[in-house]
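When a ligand or atom number is given, it counts from 1 through the structure's own listing order.
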Amino acid sequence: MKLSGVEVRRIEMPLVAPFRTSFGTQTVRTLLLLRAVTDEAEGWGECVAMPDPVYSSEYVDGCADVLRRFLVPALAGEFSGATAVAPSLRKFRGHRMAKAALETAVLDAELRARGVPLSRELGATRDRVPCGVSVGIMDSIPELLDAVDGYLAEGYVRIKLKIEPGWDVEPVRAVRERFGDDVLLQVDANTAYTLGDARHLAKLDPFDLLLIEQPLDEEELLAHAELAKVVRTPICLDESITSAQAAADAIRLGACQVINIKPGRVGGYLESRRIHDVCAAHGIAVWCGGMLETGIGRAVNVALAALPGCTLPGDTSASGRYYRTDITTPFVLDDGHLTVPTGPGIGIAPDQDALDEVTVKTEWIPL
Ligand code: SMG
Ligand code: MG
């Protein structure tokens, strides 16, 4: 396979509602969309980094820079396909979101050329996946209850509440009181707490949550293991899990009982599959996270969520949860599920007009 170049589009898509987490509020999703042009076919990849380095160290302009100067040029010449991408990029440290986008675009091109759907390539065992929804921090409890009510009415099978100090026990209590004990409920702190908050976080235990996601800093694996001795709610790691090696270490240390897999955070779908397998071997439940993806990133996430070890509903919500108009055929909830695309590669492509509408910059990186 030979790459002739990569088109990098910067797109800006308004969110249907502001999304507030412990690190900030998003009203527009700005991200990079890659189109890899090869001698066999073209393929798409979405870079999940945000404009500011607040979820992780990567950010949109940094990803565009590293793709232009280092990652795309490293793929010059003949190579054997998507499995050769990560080894070719390994000498460049970090930048996993940028690497993941490039690997996905190459993988999509390769699979389209071979006529193989990504879900089959990854080893998916389901044709539809149950979907959860991530609910941002709100200004008031009544506002939160209205939002949760709406999502449950739409059919979402699991609710995740974003939390931070000052917005944790009370919102969880209110949701449990209003919607009952049967609702699958979990929380995500995006690193907002310290180990000193352990006793406070244990106050979430009576609410029978599925998990608490990334309560402490991403580098604090040992502190998560200590926290796990104080809180009964299972700990799930997101930001801390940057590779299959990190997952194996975290499991060995007792830092988590559940892992959120995000292909962007770990450098791609092939590494995601390895994390899935490491977790399956240790009896650790996994689920597919979300980064407010467009239909392109969502298609790939839904394929990943269809793997047998993804035993918990993911943050793979319908297009309408995020955008009034998606750049692909929208993903629509059917009885709380999304259908796994069956076409070759990622199984979906952007609508050219919709894509042009949201594109603010296009760059061609030639090889
Ligand atoms: O894609 O539905 C989604 C968002 C899910 O909460 C979500 N993602 O830490 O898991 C997480 C956050 C990170 C992105 S916030 C902009
Ligand atoms: Mg998270």
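- Taking 4.5 Å as the limit, some side-chain heavy atom of W44 sits within range of a side-chain heavy atom of R112.
- Contact check for Y323 versus L292: side-chain heavy atoms found under the 4.5 Å cut-off.
- The cationic group of R69 does not satisfy the cation-pi geometry with F92, failing either the under 6.0 Å distance to the six-membered ring centre or the 45° limit from the ring axis.
- Salt bridge R178/D149: present, at least one basic N to carboxylate O contact under 4.0 Å.
- The ligand atoms of ligand 1 that sit less than 4.0 angstrom from a heavy atom of F19 are 6 (O), 15 (S).
- L221 and L211 are members of different hydrophobic clusters when ILVMFWY side chains are connected at heavy-atom separations under 4.5 Å.
- Taking the centre and axis of the six-membered ring of W287, the NZ or CZ atom of R158 falls inside the cone set by 45° and 6.0 Å.
- Nearest protein neighbour of atom 6 (O) of ligand 1, counting heavy atoms only, is S134 OG, 2.7 Å.
- The distance criterion of under 3.5 Å between nitrogen or oxygen atoms is not met by F23 with respect to ligand 1.
- Between N301 atom CG and I296 atom CD1 the span is 12.0 Å, to the nearest 0.5 Å.
- Every atom of ligand 1 with a heavy atom of K160 under 4.0 Å away is listed here by number and element: 6 (O), 7 (C), 10 (O), 11 (C).
- Heavy-atom neighbours of E363 CD from other residues, nucleotides or ligands within 6.0 Å: above the threshold of 12.
- For the ligand labelled ligand 1, residue M50 lies inside the 4.0 Å heavy-atom shell.
- When non-hydrogen atoms are compared, ligand 1 lies under 4.0 Å from neither the backbone nor the side chain of T316.
- Distances below 4.0 Å separate heavy atoms of Q26 from the following atoms of ligand 1: 16 (C).
- Distance from atom 2 (O) of ligand 1 to its nearest protein heavy atom, with residue and atom name: Y322 OH, 2.6 Å.
- Each of the following atoms of ligand 1 lies closer than 4.0 Å to a heavy atom of L292: 1 (O), 3 (C), 4 (C), 16 (C).
- Less than 4.0 angstrom separates some heavy atom of D238 from each of these atoms of ligand 1: 9 (O), 10 (O), 11 (C).
- If you look at V133 next to ligand 1, there are no close heavy atoms at all, none under 4.0 Å.
- Compare R20, M291, R321 by their heavy atoms: the one nearest to atom 14 (C) of ligand 1 is in M291.
- With N190 as the partner, the side chain to side chain donor-acceptor pair (under 3.5 Å) test is satisfied by one option alone out of E213, Q214, E239: E239.
- Taking 4.5 Å as the limit, every side-chain heavy atom of L204 sits out of range of all side-chain heavy atoms of V231.
- Ring geometry for Y156 against Y151 counts as perpendicular: the plane angle is over 60°, on a 0 to 90° scale with 30° as the lower cut.
- For the pair OD2 of D238 and OD2 of D188, the angle at the Mg ion (ligand 2) is about 180°; rounding is to 10 degrees.
- Under a 4.0 Å criterion applied to the non-hydrogen atoms of D188, ligand 1 contributes the atoms 9 (O), 10 (O), 11 (C).
- A heavy-atom distance below 4.5 Å is found between the side chains of V8 and L34.
- At least one N or O atom of K162, backbone or side chain, sits closer than 3.5 Å to an N or O atom of ligand 1.
- The protein non-hydrogen atom at the shortest distance from atom 8 (N) of ligand 1 is G290 O, 3.0 Å.
- For ligand 1, the atoms closer than 4.0 angstrom to any heavy atom of E213 are 10 (O).
- Closest N/O/S atom of E213 to the Mg ion (ligand 2): OE2.
- Within ligand 1, counting atoms from 1 as listed, the ones closer than 4.0 Å to a heavy atom of N190 are 9 (O), 11 (C).
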